[in-house]
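Structure first, then comments.
Note that these values count all heavy atoms, side chains included, but never hydrogens, waters or copies made by symmetry. This structure is a prediction, so every number in the text was calculated from the model and none was measured.
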2 protein chains.
Amino acid sequence: MGITSEAVTPRLRMSGDDRRRQLVEIGWTLLQRRPIHELALDEVALEAGISRSLLFHYFPTKGDFYAAVVEAAGAKMLKPVGVKDGDTPHERIRSLIDGFVRLVERNRVGYTSLVRGAGGGDVRVVEAMARVRDALVPRWLAVAGFESTGDECHDALVRLVVRGWLVGMEETVLAWNPDTLDRALLVDYLTESFQSQLQVAARCTTAS
Amino acid sequence: MGITSEAVTPRLRMSGDDRRRQLVEIGWTLLQRRPIHELALDEVALEAGISRSLLFHYFPTKGDFYAAVVEAAGAKMLKPVGVKDGDTPHERIRSLIDGFVRLVERNRVGYTSLVRGAGGGDVRVVEAMARVRDALVPRWLAVAGFESTGDECHDALVRLVVRGWLVGMEETVLAWNPDTLDRALLVDYLTESFQSQLQVAARCTTAS
DNA sequence: GGCCTTATTGAGCAACTGTCAATAGCAACG
DNA sequence: CGTTGCTATTGACAGTTGCTCAATAAGGCC
């Protein structure tokens, strides 16, 4: 276990950026197998074939490294879920959610490590995860065909709603047991749920 | 800083249960000021005026102690939110949510520490928080006047939905900025949101 | 008073985060 | 080719923390 891929040259000098990328990449790989707080920097350094000190040279503190890993992982895992160009917003949302559920199904450990682990740790990690989610919100809104009304208050609520809904969905899918509940049914619910949330938000702001 | 309240008798022998309660109580107090993962056992022991070893005598591992604290904190913070016996389910739910939002407003740090911190750490902690949430679900359902249809699948989905909604609400309220969004509006949205979720869940299972 | 249970402690181990001064690879320049 | 300078890289060290274990002592019971 823990065999370094390249063990020939004892001391290979890399450019700063390359090394940084390599380390984050290793962190991301390891993150898929266990939660981040169980990720000792020793192990990352060993995997990279460098000393721990070098890791601290690039990331001044553990939290900084974790944050970088979480940000990369979030981008890799969450963003590229495919959306088929369906006809209606409903179909597009459904395909987006379906892709997401399948992603979680396929990579449960990694996803759990990311979502659950990101909450606990350092402030920087929490912020990194928050940034990932914030970046997701516009994408979901775009898929839903949402257009800003220009009303500042309304937009604020909508963003808040989508954000909360995303987190709720993450939790729901993680808590979901495929054996007792059909995936299609879950996806149906989530799709309806998302749209109904937006409608409710719209109703609330126009009513006031 | 960190002054023990009782420092007279150097070695006071307490009953096991009392000591346990005292330690959890201290943990809960400290939890209100900072996230749980920043809570060193050293500090807890110091605050209690005992040695670290004794703490390990009562809680075999750090995770066990944290789990006990989270469970106690969850029970103290989440459960006793008051519900006025309103006429309609809508009013009761609204008052429950309103109480919850005010609770978070009043005790933001502690609540953040609980929710965010509980996600990360040990498996036991996650499970403890899951237990707290699971215990909450029936209560919310009761307030909403929900009655089981006897359909196993439907009930499973409803529980899942409420759980996810709760987590989403936690996130929403925590991300909520009182300056840019009126509380009444937020509570309105959350109330409508909750009911609409239940309706959507009902529609999805009956449709299949 | 003597005994037995167990609450309590101090010393110590192992793992981990973070620091610092010293070393060495690589490029530029004379 | 030799020197110099930058910085990637390292090894040794210090402080903290989770956890173990054998030893101690406080309090109840006969």
Query - Face-on cation placement of B/R124 at B/F65 ring, 6.0 Å and 45° thresholds - result: no

Query raised in the report: In the 5'-to-3' direction, what one-character label does each nucleotide of nucleotides 10-20 of chain C receive under the scheme B = base within less than 4.0 Å of a protein heavy atom, S = sugar-phosphate only, - = no such atom?
Result: BBB---SBBB-

Whole Å only: how far is the [atom1] atom of [X] from the [atom2] atom of [N]?
X: B/R21; N: C/dA7; atom1: CZ; atom2: P; answer: 13 Å
X: B/R13; N: C/dT5; atom1: CZ; atom2: P; answer: 13 Å
X: A/I50; N: C/dA24; atom1: CD1; atom2: P; answer: 18 Å
X: A/D17; N: D/dT7; atom1: CG; atom2: P; answer: 13 Å
X: B/H57; N: D/dG18; atom1: NE2; atom2: P; answer: 19 Å
X: B/L46; N: D/dT16; atom1: CG; atom2: P; answer: 14 Å

Query raised in the report: By side-chain hydrogen bond (donor to acceptor under 3.5 Å, both in side chains), which residues pair with B/D151, not counting sequence neighbours?
Result: none

Query raised in the report: Does the ring center of B/W140 lie less than 6.0 Å from the ring center of B/F194?
Result: yes

Side-chain donor/acceptor of [X] to backbone N/O of [Y], under 3.5 Å:
X: A/R163; Y: A/D134; result: no
X: B/W28; Y: B/A72; result: no
X: B/R108; Y: B/L174; result: yes

Query raised in the report: Heavy atoms under 4.0 Å, any strand shown: does A/F59 hit a base, just sugar-phosphate, or nothing?
Result: nothing

Query raised in the report: Which part of the nucleic acid, if any, lies within contact of B/Y58, taking any heavy atom under 4.0 Å across all strands shown: a base, the sugar-phosphate backbone alone, or nothing?
Result: sugar-phosphate

